[in-house]
Amino acid sequence: MPARKPLKVATFNINGVRTRLASLLAWLEREKPDVACLQELKAPDEAFPTEAIRDAGYGAIWHGQRSWNGVAILARGMEPLESRRGLPGDSGDTQSRYLEAAAHGLIVGCLYLPNGNPQPGPKFDYKLAWFDRFIEYAQGLIDSEHPVVLAGDYNVVPTDEDIYNPRSWRKDALLQPESRERYADLLAQGWTDSLRQQFGEERVYTFWDYFRQHWERNSGLRIDHLLLNRALAPRLKDAGVDRWVRALPHPSDHAPTWITLGHGKAG
DNA sequence: ATGCCTAACTAAGTTAGA
């Protein structure tokens with residue numbers, strides 16, 4: 001049997017799907033991810049650029065929101081089959097931050113975890129509460145016989161090795177012990193942090209803020225994560241960050257972050 | 001302790017991101 005090309009699954013906080021449509025299309029054309037999770041669409045449902053994305057060869061589902069938030073799942077050459085819209089556990093939560101679908105043989109959870117700044121305060125409380133709901137929900141997926149990937153902007157810098165210099169970020173919601181403990185609790189369920197797994201001790205960043213020439217100086221943070229359940233983890237082949245997208249004109253402050261997966265149990 | 005830079009909404013100034 002001829003070897004099948006590995007599956008490529010990516011997550012990209014696009015920071016405005018309309019503003020960044022040209023970058024998105026260039027990225028899809030060049031990198032051809034089989035599955036792409038997008039966050040921060042910053043657009044209501046009716047403003048999602050369905051046609052351009054279809055013309056690029058992708059089926060898509062999305063959960064938009066005016067001005068902020070918004071998540072989407074794109075699947076190359078097929079329509080994603082939606083399995084969940086919104087995180088369970090709080091019927092009063094109206095923010096568009098979780099979407100889930102079956103695509104290319106995977107269950108794909110696309111998440112945009114709350115930022116939580118400023119902390120302390122109600123936004124930080126919301127972040128932690130959302131995180132707790134997510135941990136509870138993830139518990140039901142970790143031992144699924146189906147391969148599951150939870151991909152998105154977690155808004156957590158897991159350790160001090162995941163940031164250029166933690167000093168000036170110490171009081172930021174992304175580095176708080178409460179945020180980090182929850183990320184560690186999630187991994188302790190048995191999830192594989194695929195970027196860290198693949199890079200070992202090597203530094204890898206997925207976000208560079210717009211301030212103080214942080215991109216030019218490679219002063220980055222690793223906050224976009226792809227977590228694999230037990231059924232999927234053995235299939236991890238490679239991981240990386242498409243940094244060239246961050247270098248485009250008028251970029252998002254995040255870069256697309258991806259993994260490749262083998263097809264069989266042995267890869 | 002705060003701004004730095006950028007975007008949405010809307011029309012100059014606020015809110016939010018991280």
Side-chain angles (χ1 to χ4, degrees), chain A residues 11-24 27 37-49 62-72 93-98 110-131 134 151-183 195 203-225 241 243 245-257:
Chain A
T11 179
F12 182 21
N13 180 322
I14 195 168
N15 189 12
V17 71
R18 289 172 290 182
T19 309
R20 233 71 71 185
L21 182 59
S23 297
L24 173 64
W27 173 64
C37 297
L38 305 181
Q39 302 87 33
E40 279 207 88
L41 302 179
K42 293 187 172 179
D45 279 339
E46 61 271 22
F48 188 79
W62 58 94
H63 191 195
Q65 186 176 333
R66 184 177 177 267
S67 299
W68 299 299
N69 309 323
V71 285
D93 184 4
T94 57
Q95 301 190 21
S96 300
R97 296 183 176 276
Y98 189 78
C110 172
L111 66 136
Y112 176 45
L113 207 137
N115 172 293
N117 280 306
Q119 74 79 31
K123 291 189 175 178
F124 192 59
D125 295 341
Y126 174 68
K127 176 190 191 127
L128 298 183
W130 203 96
F131 218 146
F134 185 64
D153 178 356
Y154 283 69
N155 269 314
V156 177
V157 175
T159 73
D160 284 354
E161 313 306 308
D162 297 302
I163 182 168
Y164 66 101
N165 179 358
R167 192 161 44 95
S168 58
W169 293 76
R170 277 290 173 220
K171 294 182 178 176
D172 194 281
L174 280 62
L175 276 73
Q176 291 314 297
E178 296 92 330
S179 307
R180 289 178 159 181
E181 282 163 13
R182 279 167 176 79
Y183 189 76
L195 267 282
R203 293 267 175 164
V204 54
Y205 303 135
T206 67
F207 165 88
W208 300 258
D209 73 26
Y210 293 121
F211 302 150
R212 293 169 296 220
Q213 295 185 296
H214 275 166
W215 166 248
E216 290 77 1
R217 299 164 192 261
N218 193 30
S219 297
L221 285 65
R222 187 174 76 95
I223 57 177
D224 299 279
H225 308 302
V241 178
R243 294 171 60 108
V245 181
R246 183 62 178 80
L248 291 172
H250 306 292
S252 167
D253 37 12
H254 297 248
T257 303

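Each chain gets a letter, A, B and so on, in the order its sequence line appears, and its residues count up from 1. Just so it is clear, the structure is predicted and the values come from calculations on it, not from any experiment.
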Between [atom2] on [N] and [atom1] on [X], what's the gap in Å once rounded to a whole number?
X	N	atom1	atom2	answer
A:Asp224	B:dG17	CG	P	15 Å
A:Asp253	B:dT6	CG	P	10 Å
A:Arg170	B:dA18	CZ	P	20 Å
A:Tyr164	B:dA18	OH	C1'	11 Å
A:Glu40	B:dA16	CD	C1'	9 Å
A:Tyr126	B:dG17	OH	C1'	15 Å
A:Asn69	B:dA8	CG	C1'	12 Å
A:Phe131	B:dA18	CZ	P	14 Å

By nearest atom, which of the nucleotides [options] is closest to the [X] side chain?
X	options	value
A:Arg97	B:dA8, B:dG17, B:dA18	B:dG17
A:Ser67	B:dC5, B:dA8, B:dA18	B:dA8
A:Lys123	B:dG3, B:dA18, B:dA16	B:dA16
A:Thr19	B:dA8, B:dA18, B:dA16	B:dA8
A:Arg18	B:dA18, B:dC5, B:dC9	B:dC9
A:Asp172	B:dC5, B:dC9, B:dA18	B:dA18
A:Trp68	B:dA1, B:dA16, B:dA18	B:dA16
A:Tyr210	B:dC4, B:dT6, B:dC9	B:dT6

Contact summary for [X] and [Y], nearest pair of heavy atoms:
X	Y	answer
A:Ser179	A:Val156	O-CG1, 4.0 Å
A:Ala173	A:Asn117	N-OD1, 3.0 Å
A:Asp172	A:Gln119	C-CG, 4.4 Å

Give a yes/no answer on whether the side chain of [X] brings an N or O atom under 4.0 Å of OP1 or OP2 in [N].
X	N	result
A:His214	B:dA18	no
A:Arg212	B:dG3	no
A:Asn155	B:dA18	yes
A:Tyr112	B:dA18	yes
A:Lys42	B:dG17	no
A:Asn13	B:dA18	yes

What distance, rounded to whole Å, do you find between the two [atom1] atoms, one in [N] and one in [M]?
N	M	atom1	answer
B:dA11	B:dA1	C1'	32 Å
B:dA16	B:dG3	P	15 Å
B:dA18	B:dA7	C1'	14 Å
B:dT2	B:dG13	P	22 Å

Between [X] and [Y], is any pair of side-chain heavy atoms under 4.5 Å apart?
X	Y	result
A:Arg97	A:Trp68	no
A:Ile223	A:His254	yes
A:Leu111	A:Trp130	yes

Q. Which part of the nucleic acid, if any, lies within reach of A:Lys171 when heavy atoms closer than 4.0 Å are counted: base, sugar-phosphate only, or nothing?
A.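 Sugar-phosphate: the residue A:Lys171, judged by heavy atoms under 4.0 Å, touches backbone atoms but no base.
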Q.
Heavy atoms only, 4.0 Å cut-off, all strands: where does A:Asp153 land among base, sugar-phosphate and nothing?
A.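 Sugar-phosphate contact only.
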Q. Who is the Watson-Crick or G-U wobble partner of B:dG17, with both distances under 3.5 Å?
A.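 Pairing partner: B:dC5.
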Q: Tell me which of A:Val17 and A:Asp209 sits closer to the 5' end of DNA chain B, going by the nucleotide each one is nearest to.
A: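 Its nucleotide being nearer the 5' end, the pick is A:Val17.
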Q: Map A:Arg20 and A:Leu113 onto DNA chain B by nearest heavy atom, then report which one ends up closer to the 5' terminus.
A: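 In this pair, the answer is A:Arg20.
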Q.
If the test is side chain to side chain contact (heavy atoms under 4.5 Å, CB included), which one of A:Val157, A:Leu221, A:Leu174 qualifies with A:Phe207?
A.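 In the set A:Val157, A:Leu221, A:Leu174, the residue that makes a side chain to side chain contact (heavy atoms under 4.5 Å, CB included) with A:Phe207 is A:Leu221.
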